[in-house]
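Just so it is clear, the structure is predicted and the values come from calculations on it, not from any experiment. For ligands, and for the atoms within them, numbers begin at 1 and follow the listed sequence.
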Amino acid sequence: MLAEGYFKYNKQGLPFAAPNFNNFIPNVIVPPEFAHWMDSQPEDKLSAREGQLYFLSKYTFSHPRLHQDTLDANTARTAMIVRLQTLFAQVNDEIVTALNDVWGNDEEEWKEVNLYETMWVVVARAANRAFLGRPLCRDARFLDTLRTYVNSFATQGILIRFLVPEILQPVLGRMLAWPVHLRYRRLVDGYLLPYARHMIREMKSGKLLQDEDSFAHWLAAADNSKHPDDETMADALAGQLASAEFAPLHTSTFAITNTLLDILSSPQHGGILAALRNEAEAALQGAPDTWTRADILRLELADSVIRESQRLNRTTGKAMLRRVVAKEGLALPDGTHIPNGIYIGLSAEGIHMDPDLYEAPEEFRPFRFAGMDGREKARKLVSIGIEYLPFGYGRHGCPGRFFVASMLTVMLAVIARGYEIEGLEERPKGHSISDHSAPPRDVMVRVRRRRKVI
Ligand code: HEM
């Protein structure tokens, strides 16, 4: 539907209306050349924040700090998110340790593992090594509590937004949101609040909390002296940490699971894995898996295959979703008047499948973006544009993509270097609702640790 409209109308420079299952008022999908105009609109006319909260219900926010901070990119938060990539040494150490734990190190026997579940563990541990450091990132009960909370926040939010009529939301929304609040309390009272109190105590006494930096340290340092007392500060810090956890977990797990499914179900999967392995070996030159920034930059094939998989497997078919909040509505560059309350976006589904932009767009060409395949120029995963939208575009383009790109390329390199994986006969289908999709969660793959060459 979004692709059809793109080819029929957007390619002629025209917007079109697409169904919206939220409140049944259609979304307006505009041609990509309107993206610059969208990006230049002030927040009080065309709101990015409202667009990002499209799936979420305000009744599921358990802490005012969550509502302010979720996906909200004020300058300081964005700078910190971008700075996350400097923690690659810790994150990479966690990737290697976590993979060893979930896929094992048996060089003789093959092991059958659930791809999605094991990738979730590796992503959650690696991301939390950067967010909270050790030992929390390895605490299985903490990770379970976190997952239950993040899942219920997303599912109850979608349930309320999409199934409950707006007029009934103040009553039914509150009722349906109570499991989220319960899980939030479990996460915060059980883990994040004690952690925040401990961190504040250590920070104020001038002691270093751990042997490593973390996102939580930066947040605490930035918030220091902004609160009347330590308890209020700990409560705010715990709320910010809970909100930061929404961004990386599912998005990154979807990305690495889809990448591996695309590779394993390709008829050339052996060759692709061998090329990734050779690249990783060449980058490290025989050293163990201690990846430096320079080593990561050499992983051009790994970067390309993730970029290609993200092009083909969008989490949502729309991009740059913005809501008209100007009371009088807003005129598009072609003069079309859009009333207050309507969402405007781009058709990522159409753009990513446009043969004018990508040669044989329906084909999975793993090294398309390494400048080795067809007419495509080399492009890094982090590079965004109106022809590549998995991380959005413009001022609000995802600031976490630098961290994600580094984490996922290392994950892929460590997997290719350290494991043999059996191929799949066909590409397992994911789940889709409307124009949203997720990879399947039940695919089992057979893995075996590669023999160490002495
Ligand atoms: C594969 C993983 C990820 C994907 C596919 C992804 C995708 C996106 C997309 C599509 C947007 C919306 C951009 C727009 O409205 O135009 C976004 C925004 C955002 N993302 Fe990500 N993201 C990922 C990981 C992360 C991570 C790891 C973090 C933080 C550590 C993060 C933090 C944010 C923030 C703060 C925003 C809001 C930016 C703003 O409004 O200015 N994301 N992301």
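Within ligand 1, the atoms closer than 4.0 Å to a non-hydrogen atom of G392 are 10 (C), 13 (C), 16 (O), numbered from 1 in the order shown. Below 4.0 Å from some heavy atom of G400 lie the following atoms of ligand 1, by number and element: 26 (C), 28 (C), 29 (C), 31 (C). Each of the following atoms of ligand 1 lies closer than 4.0 Å to a heavy atom of I81: 29 (C), 30 (C), 35 (C). For ligand 1 and V404, the ligand atoms under 4.0 Å from any heavy atom of the residue are 1 (C), 2 (C), 24 (C), 27 (C). When each atom of ligand 1 is checked for a heavy atom of Q310 under 4.0 Å away, the hits are 5 (C). Close approach to L84 involves these atoms of ligand 1, each under 4.0 Å from a residue heavy atom: 30 (C).
Looking only at side-chain heavy atoms (C-beta outward), L260 and Y116 stay at 4.5 Å or farther from each other. F142 has its side chain within reach of L187: a pair of non-hydrogen atoms, C-beta onward, lies under 4.5 Å apart.
Between D295 and R298, at least one side-chain nitrogen of the basic residue sits less than 4.0 Å from a carboxylate oxygen of the acidic one, meeting the salt-bridge criterion. Remark: K11 engages D354 in a salt bridge, criterion side-chain N to carboxylate O under 4.0 Å. Ion pairing of R395 with E43 is absent here, as no side-chain N (NZ or NE/NH1/NH2) approaches a carboxylate O to less than 4.0 Å.
Nearest-residue assignment for atom 19 (C) of ligand 1 (options P399, A130, P248, A127; heavy-atom criterion): P399. Counting heavy atoms only, T251 comes closest to atom 3 (C) of ligand 1 of the residues T78, L389, T251. Of the candidates A405, C398, A319, P390, it is C398 that places a heavy atom closest to atom 21 (Fe) of ligand 1.
Between Y388 and Y393, a ring centre-to-centre spacing not shorter than 6.0 Å is recorded.
Residue-level proximity to ligand 1 for R401 is absent, since no heavy atom of it falls below 4.0 angstrom.
The shortest N or O to N or O distance between R322 and ligand 1 is under 3.5 Å. Of the N or O atoms in S252, none lie within a sub-3.5 Å distance of an N or O in ligand 1.
A search for side-chain hydrogen bond (donor to acceptor under 3.5 Å, both in side chains) contacts involving R185 returns D189, not counting sequence neighbours.
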What pairs of donor and acceptor atoms, side-chain ones from residues 80-89 against any protein atom, are under 3.5 angstrom apart with sequence neighbours left out?
residue	atom	partner	partner atom	Å
Q85	OE1	R293	NH2	3.1
T86	OG1	R83	O	2.6

